[in-house]
Amino acid sequence: MLLRYLVRPLETTSLLVIGFFMLGFEFALHGGLFALIMGFLMLSWFFKYAYVLLDATANGVTEPPALSTDMLNPVEQRPLMQLVICVAFGWVAYQVGGTAGIVIGALGLLYLPASMAVLGASTRALDAINPLALTRTIKGLGVYYPLILAIIGGYGVAIVLLARTDVWEQLKVAFLLFSIYSVFCVLGGALYERRHELGLEPTHTPERIAERKEQERARERHKAIDEVYGEARGGNFAAARDSLLSWLRGVDPDLLERDVRFIFGQAREWQDEAFVFVSRFLISHLIELGKTGTAVEIVDGVLGRAPAFKLGTASDTLKLASLARAAGKRSLALRILAPFETQFPGDAHTPEVVALRSEIMR
């Protein structure tokens with residue numbers, strides 16, 4: 001699971017950033033006094049981007065952020081805070097000395113990734129040194145935390161071994177930079193993957209993306225319904241039918257019935273002619289698609305507003321009554337059949353209607 005975060009610095013944007021900093025640090029190593037000052041600035045910029053990378057990854061952003069001028073502020077709080085924490089912890093371990101100092105130093109190294117993660121997620125220095133907050137973070141990360149420690153250890157060994165070889169210095173520097181960014185990406189990825197356990201709310205979770213898509217879809221649906229209403233109110237029922245059909249045909253089948261209920265809910269507030277047209281169309285469309293349960297539900301809502309509403313043809317009315325009866329809604333079935341003789345005097349289906357009504361009333 002963490003592998004995709006481990007290699008994230010190999011993506012084009014991050015590789016370009018690594019190349020930029022590699023050249024900068026190479027200049028700082030061999031360019032004299034001015035280069036040392038430049039090296040300090042580059043170090044600040046490098047770690048600022050590292051925390052930006054951690055932020056983006058922890059928030060579920062799929063593409064590494066590009067290096068921008070906003071990141072070139074030499075006084076970035078988080079790298080400075082992390083540096084102060086590390087120096088202070090090392091100083092305490094040194095002052096204590098002996099076995100106790102070694103234990104303090106070991107604990108500092110053990111908690112360092114958690115401190116980086118907390119500082120990256122909350123930006124509060126106090127949280128980054130609070131043992132309770134750090135322990136809670138480690139517990140929330142679960143099995144990922146020992147994996148992160150193992151990855152850091154592996155990179156450390158690889159860096160030492162590479163430093164002892166005769167490969168180009170530029171490659172050594174590039175690998176060191178890649179390793180650091182990789183660790184920050186892994187920390188951000190672990191925070192994202194364990195967001196529920198840690199109580200985090202990233203900006204780019206599947207749930208938030210789905211919510212944004214649904215909001216956009218709701219706006220488009222409102223626009224389509226307003227268009228249908230305008231056409232139906234103006235008497236252009238053919239255009240209204242085409243608009244409704246166009247929307248419903250483009251709806252995901254899993255969302256169709258929910259959309260029909262919503263459209264009907266809006267139509268109940270419309271003028272009679274528009275309401276009648278939309279209701280008949282929705283009922284007919286649902287029956288055509290085999291969504292008989294929802295069709296019966298819409299019929300119930302229609303008769304609640306207009307008890308003498310003509311649901312369609314005589315055949316449609318009989319079918320809807322039969323569907324309501326089959327669904328166990330005997331009262332609704334009788335309400336559907338009640339005005340049949342008035343709506344369809346002398347219709348050939350009348351004997352069937354009378355028989356069905358008698359059967360239901362038994």
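In what follows, every heavy atom counts, from backbone to side chain, and hydrogens, waters and symmetry copies are set aside. Because the structure is a prediction, the values reported are computed rather than measured.
Atom NZ of K319 sits about 11.5 Å away from atom NE2 of H349, to the nearest 0.5 Å. Taken to the nearest 0.5 Å, the CZ atom of R268 stands 8.0 Å off from the CZ atom of R305.
Between Y49 and Y181, the ring center distance clears the sub-6.0 Å criterion. H222 has its ring centre no less than 6.0 Å from the ring centre of Y229.
Residues L141 and L191 are in side-chain contact: their nearest non-hydrogen atoms beyond the backbone lie under 4.5 Å apart. Considering only heavy atoms from C-beta on, I336 comes within 4.5 Å of L332 through its side chain. A heavy-atom distance below 4.5 Å is not found between the side chains of F340 and V354. Contact of the F281 side chain with the V228 side chain is not registered, since no non-hydrogen atoms from C-beta on lie closer than 4.5 Å. L177 has its side chain within reach of F25: a pair of non-hydrogen atoms, C-beta onward, lies under 4.5 Å apart. The side-chain heavy atoms of L356 and E352, taken from C-beta on, include no pair separated by under 4.5 Å. Residues F344 and T350 fail the side-chain proximity criterion, which asks for heavy atoms closer than 4.5 Å. Between T137 and Y145, every side-chain heavy-atom pair lies at or beyond the 4.5 Å cut-off.
Of all heavy-atom pairs spanning S279 and F275, the tightest one is OG-O, 2.8 Å. Pairing each heavy atom of A174 with each of I18, the nearest pair is O-CG2, 4.0 Å. Across every non-hydrogen atom of R136 and L198, the tightest pair is O-CD2, 4.3 Å. When every heavy atom of F46 is checked against every heavy atom of I180, the shortest pair comes out as CE2-CG2, 3.7 Å. Summarising the geometry of A240 relative to A232, their closest heavy-atom pair is CB-N, 3.9 Å, with the distance given to 0.1 Å. Shortest non-hydrogen contact noted between I148 and V186 is CG1-CG1, 3.7 Å.
Atom CD of E273 has 12 or fewer neighbouring heavy atoms from other residues, nucleotides or ligands inside a 6.0 Å radius. Other residues, nucleotides and ligands place more than 12 heavy atoms under 6.0 Å from the NZ atom of K172.
Not one N or O on the side chain of S246 forms a donor-acceptor pair closer than 3.5 Å with the backbone of D242. No side-chain donor-acceptor contact under 3.5 Å links S182 to the backbone of V7. Put simply, the side chain of N59 never gets that close to the backbone of V61: no donor and acceptor are under 3.5 Å apart. A donor-acceptor pair is defined here as one N or O able to donate and one able to accept, closer than 3.5 Å; no such pair exists between the side chain of S284 and the backbone of R280. Judged purely by atom type and a 3.5 angstrom limit, R195 uses its side chain to pair as donor or acceptor with the backbone of Y192. Panel note: side chain R325, backbone I360; no donor-acceptor pair is recorded below 3.5 Å.
A chain of hydrophobic side-chain contacts below 4.5 Å, direct or via other Ile, Leu, Val, Met, Phe, Trp or Tyr residues, connects I287 to V260. Under the 4.5 Å side-chain heavy-atom criterion for grouping Ile, Leu, Val, Met, Phe, Trp and Tyr, L107 is not connected to I102 through any hydrophobic cluster. Taking hydrophobic clusters as Ile, Leu, Val, Met, Phe, Trp and Tyr residues chained together by side-chain heavy-atom distances below 4.5 Å, F184 shares a cluster with L200. Under the 4.5 Å side-chain heavy-atom criterion for Ile, Leu, Val, Met, Phe, Trp and Tyr, F178 and I159 are members of the same hydrophobic cluster. Hydrophobic clustering, with ILVMFWY side chains joined whenever heavy atoms are under 4.5 angstrom apart, keeps L334 apart from L323.
Salt bridge D259/R217: present, at least one basic N to carboxylate O contact under 4.0 Å.
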**OP:** Mind running side chain to side chain contact (heavy atoms under 4.5 Å, CB included) on I263 and L244 for me, showing each step along the way?
**Re:** CA-CA 9 Å; I263 293 170; L244 257 180; 4.1 Å; yes
**OP:** Assess whether side chain to side chain contact (heavy atoms under 4.5 Å, CB included) is satisfied between L53 and V17, documenting all intermediate values.
**Re:** CA-CA 11 Å; L53 198 57; V17 173; over 6 Å; no
Subject >> Residue pair F20, L16: steps toward the side chain to side chain contact (heavy atoms under 4.5 Å, CB included) verdict >> reply: CA-CA 6 Å; F20 168 76; L16 291 174; over 6 Å; no
Original post:
Does the side-chain hydrogen bond (donor to acceptor under 3.5 Å, both in side chains) test come out yes or no for S243 and E231, once each step is laid out?
Top reply: CA-CA 9 Å; S243 296; E231 291 166 343; 2.9 Å; yes
**OP:** Any chance you could lay out the side chain to side chain contact (heavy atoms under 4.5 Å, CB included) test for L6 and Y155, step after step, and finish with the verdict?
**Re:** CA-CA 11 Å; L6 193 70; Y155 276 138; 3.6 Å; yes
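Side chains of T57 and Y5: no donor on one and acceptor on the other come within 3.5 Å. Counting only N and O atoms by type, the side chains of D316 and T313 include a donor and acceptor under 3.5 Å apart.
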